[in-house]
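Everything on this sheet refers to the single structure shown next.
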Amino acid sequence: MSAVPHPRELLLIGGGGEMTLSVDVAVQALEQARARGLRTHVTNRADTLAATPAVTAAADTATAVDFARPGDTADWAAGRAADGERPALVFGVREMAQEAVAATAHALELPGNPPAAVRRIRTKDACRAALAAAGFRQPAVRVCRDEAEARAFLAATAGPWVVKPRDGADSAGVRKVTGPDDLPAALAQLPDREAPFLVEEFVDGREFSVEGVFVGGSPRVLAVTAKEKLPPPYFVEIGHVLPADLPEENRRSVEETVTAALTALELRFGLFHVELWLTAEGIVLGEVHVRIGGGWIHRMLPHVRPGLELYGTVYDDALGLPVDLPVRLPAPERAAAARYFAPPEGRVTAVSGWDAVRTHPAVLHAELRVGPGDVVPGFRSGGDRVGAVVVGAATPAEARELARELVASVRFTVEPVEPVKAVDMGDDVPEVRVDLEPRPLTSSFRISHMTIETVDHLRLRLLQGERTVGEGEITADSGYGQDGPAIAAEAEALARTLATACDDAHHGADGADPVAPLRAGLEKAAADGVGAPARMLVEMAFLDRAARRAGVPVWRLLGLPEPGRVRLLHTVPIGEDIPLDGRPLKIKLGGADDEQILRSLLGVPAPLILDANRGWDRQDWERLRPLLAELAPAVLEDPVRDPALLPAIRAALPGTAVVLDEGIATAGDAAFAVGTAGGLNVKLMRFGGILPALDALTDATEKGAARMLGCFLEPPRAIAYAAQLAGLCDWSDLDGHFWVSDDRPVPSYGLDSDAPGIPRIAYTPEPARGEAAAI
């Protein structure tokens, strides 16, 4: 019998990043591959795979491989090829993955860019040197290792200058310098203070980018984009217009310069995005990239050139299929523009005008990721963007103006966030100690996109001498994007900052709120970019300390209702047997066997909570809808990756509470979940602790939304900490400690609140109520 041939495969290295734009790009790339009959396999770092379920759901398979090590990625792919799993095409959409893409394509002898050429353009000073050697205008640049070398370069050249990372993205750490006095502040903004950095002459001119694709190894320009940036000292892009409104002579000159530069740099495969300036002296080339431009250009290009498939064109060319793309394309006959929101810094108290923008007929894409309660940081890099509007129009001028008008019509009301003032309280300031210990799970835990075997256990203690006066405890799992050592370092630094500030109320006037300084400090930490797990760990320790000082449990300190008995959902990971003892079951879905699992649940005499982890697309939903209607689950959690399907799901399952979980981490996210799904799952490790989670639950309660209290794989102390909020929720999914500790799974438990501080789980017998026995 002859073997059945495997379908041709696209290997998408680096998947998508966690930002909405990066996920959208990756999903489009996968969908256009699938439309050509290609099987798709995504690789990415384990934490990013977990944080981008829409990407893994759009692919046939996914594997955790770190693209930051190009050689390792190439070796892994070569090993697969030796075992008969050889892709037909290697591709990547992320900037940081391009070296791994080139190395892997070279190792497998597949179409791709030369690895040396990609390394050269990814190293900004090397790219500048290569372009200058080929006769293209370039600003003077120097690689510096410290402030002294930077000052020497400033003394030898004419200013102003720009300080930037040698290898970076999203304009992070890029700052204009007008003289030596500006250097310390600019260097402080660099993402990695220990790494070499660049100082180069500032180029004064209008900035553009050129978007295109290689066909048959030759560059084809698709459009020229005009850029608009915020004023210096930062260089963050605030808007784009495509096509740029340029005279034909200038457009032709730009296209010819860029195609000549790409050829000189020995690039020949995929997409390209080349930045440049039009100056009084002529064209000055900037950075060169072998991927599509950011700023939603991937949505704008297909609008101005109807029928264009960016990634599909690359696939067709690499697979030897015909590509209908002239060497010189005519100018587009319509236009598009994108513009980012830039609200003032502070805590958002109100947003108005957003619904009218989101539903405007000319809008191609719109997103807003902040709402009341969120803190807006300064706008210093692409990572600080909080939303965007992309529109289509007849001309570039009309598109630019419409995008500006729509963004300006959204009004943000903000209030200042006061910085935490440190108070020197001498010997009363506690010592901070953080311990980290890797621990295996008691059994493997499998969900739709990964299997978890181990976690990092973190414990933060506040000490007076050898006496523990406050304690926090969490676990970190890299599969969920939780980096244990990084969390430990963040938490320790934040705790040391807050150690004095949180004594202010304790030693201040009578009646001072003991929680207020902590809340202010944690909100500032969130605005400064401190991660939610680190904030939760610190919050636990300091609330534990404050409650011990007050002689009450934490729930009473916060004015919460006394926790009753916590009745649990029984979580059933993918692949495990489903118990039939009457307990509410939380069934993990999102895999290839979903239909079979759902059929096995027909007639199960227990409330069903189904969690698809955003694993379904429209076709999956339509296929499974009759089964789901027959099952009538009590809760359907994160069913689909496209929020536009949620109204239809809610209408088809009127007795089912639909809740969102993945990505719900801020007040704005919570408001989105309540508005689109009618419910949310709150996890303290995502929100950053009890205080922000309590705000989200209070708002959801006021709006009549369904509320679930969830967890990751966490230790009993963290589960008990969260369980103090169980009385505010409809469902408690707080059994994550059964995989982390030796605690035996039970259907319910209480909280022992006799002692001040964080309560402990109390496994007292359940009163005789006919409840099923513990397993």
Side-chain angles (χ1 to χ4, degrees), residues 121 131 134-139 203-229 237-265 267-268 270-308 310 313 323-339 364 390-404:
I121 65 168
L131 288 171
F136 297 94
R137 287 187 180 89
Q138 290 288 275
V203 179
D204 188 8
R206 295 176 61 198
E207 190 167 349
F208 301 87
S209 64
V210 177
E211 331 303 337
V213 60
F214 292 93
V215 176
S218 300
R220 306 275 178 92
V221 172
L222 298 172
V224 180
T225 304
K227 295 186 174 189
E228 184 177 349
K229 295 194 171 186
E237 293 171 3
I238 190 68
H240 303 90
V241 179
L242 191 158
D245 196 2
L246 281 172
E248 179 61 25
E249 180 180 353
N250 285 2
R251 183 173 74 92
R252 187 178 300 111
S253 178
V254 164
E255 292 182 3
E256 290 173 352
T257 300
V258 166
T259 55
L262 292 167
T263 302
L265 291 170
L267 299 170
R268 61 188 183 216
L271 299 162
F272 61 83
H273 169 73
V274 181
E275 299 169 355
L276 58 92
W277 295 269
L278 284 184
T279 73
E281 291 75 32
I283 297 172
V284 178
L285 291 173
E287 294 179 10
V288 178
H289 308 275
V290 281
R291 44 89 176 163
I292 194 60
W296 300 97
I297 287 173
H298 73 287
R299 289 273 186 125
M300 298 162 68
L301 267 172
H303 176 77
V304 304
R305 293 198 180 279
L308 172 68
L310 286 167
T313 300
V323 175
D324 184 17
L325 204 63
V327 173
R328 183 178 294 280
L329 278 71
E333 295 183 358
R334 57 185 186 179
R339 192 161 184 87
L364 306 177
V390 185
V391 300
T395 68
E398 292 173 359
R400 178 190 296 108
E401 186 59 29
L402 178 58
R404 286 180 173 178

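Below, each value reflects all heavy atoms present in this structure, side chains not excepted, and no hydrogens, waters or symmetry copies.
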Q) Can any side-chain N or O of Thr259 pair as donor or acceptor with the backbone N or O of Glu255 at less than 3.5 Å? A) yes

Q: State whether Glu248 and Arg251 are salt-bridged, where the test is any N-O pair (Lys NZ or Arg NE/NH1/NH2 against Asp/Glu carboxylate O) under 4.0 Å.
A: yes

Q: Let me see the working for Val284 and Leu278 under side-chain contact (heavy atoms from CB on, under 4.5 Å), right down to the final yes or no.
A: CA-CA 7 Å; Val284 178; Leu278 284 184; over 6 Å; no

Q. For the residue pair Ala134 and Ala264, what are the closest heavy atoms and their distance?
A. CB-CB, 4.1 Å

Q: Could you walk me through whether Leu267 and Val288 pass side-chain contact (heavy atoms from CB on, under 4.5 Å), step by step?
A: CA-CA 10 Å; Leu267 299 170; Val288 178; 3.9 Å; yes

Q) To the nearest 0.5 Å, how far apart are CD1 in Ile292 and CZ in Arg299? A) 13.5 Å

**Q.** Check: Leu325 main-chain N/O paired with Arg220 side-chain donor or acceptor under 3.5 Å
**A.** yes

Q | Under the side-chain contact (heavy atoms from CB on, under 4.5 Å) test, residues paired with Glu228 that sit two or more places apart | A | Ile238, Arg339, Arg404

Q | Side-chain (Arg137) to main-chain (Glu281) donor-acceptor, under 3.5 angstrom | A | yes

Q. Once you round to the nearest 0.5 Å, how far does OG1 of Thr257 lie from CG of Leu285?
A. 6.5 Å

Q.
Taking the side chain as everything from C-beta on, heavy atoms only, tell me whether Glu256 gets closer than 4.5 Å to Ile283.
A. no

Q. Of all heavy-atom pairs between Thr279 and Gly282, which one has the smallest distance, and what is that distance?
A. OG1-O, 2.7 Å

Q: Heavy atoms only: give me the nearest Ile297-Pro302 pair and the separation to one decimal.
A: O-CD, 4.4 Å

**Q.** Value rounded to 0.5 Å, distance of CG in Leu242 from CH2 in Trp296
**A.** 15.5 Å

N/O donor to acceptor pairs below 3.5 angstrom from side-chain atoms of residues 329-336, sequence neighbours left out:
from, atom 1, to, atom 2, distance (Å)
Arg334, NE, His303, O, 2.5
Arg334, NH2, His303, O, 3.0

**Q.** Straight-line distance of Lys227 NZ to Phe208 CZ, nearest 0.5 Å
**A.** 11.0 Å

Q.
Working note: Asn250 + Val224, criterion side-chain contact (heavy atoms from CB on, under 4.5 Å); need CA distance, chi angles, decisive distance, verdict.
A. CA-CA 11 Å; Asn250 285 2; Val224 180; over 6 Å; no

**Q.** Point-to-point distance, once rounded to the nearest 0.5 Å, from CG of Leu222 to OG1 of Thr313
**A.** 7.5 Å

Q.
Using every non-hydrogen atom in the two residues, find where Ala261 and Leu131 come nearest and quote the distance to one decimal.
A. CB-CD2, 3.9 Å

Q | Gly294 versus Arg291, closest heavy-atom pair with distance | A | N-NH1, 3.8 Å

Got a list of side-chain donor-acceptor pairs under 3.5 Å for residues 210-217, not counting sequence neighbours?
from, atom 1, to, atom 2, distance (Å)
Glu211, OE1, His273, ND1, 2.7
Glu211, OE2, Ser209, OG, 2.5
Glu211, OE2, Thr225, OG1, 2.8

(Q) side-chain contact (heavy atoms from CB on, under 4.5 Å) for Leu310 and His298? Distances and angles first, verdict last. (A) CA-CA 8 Å; Leu310 286 167; His298 73 287; 4.1 Å; yes

Q. At their closest point, which heavy atom of Pro219 faces which heavy atom of Phe272, and how far apart are they?
A. CB-CE2, 3.6 Å

Q.
I'd like to check Met300 versus Val390 (side-chain heavy atoms, cut-off strictly below 4.5 Å). Are they in contact?
A. yes

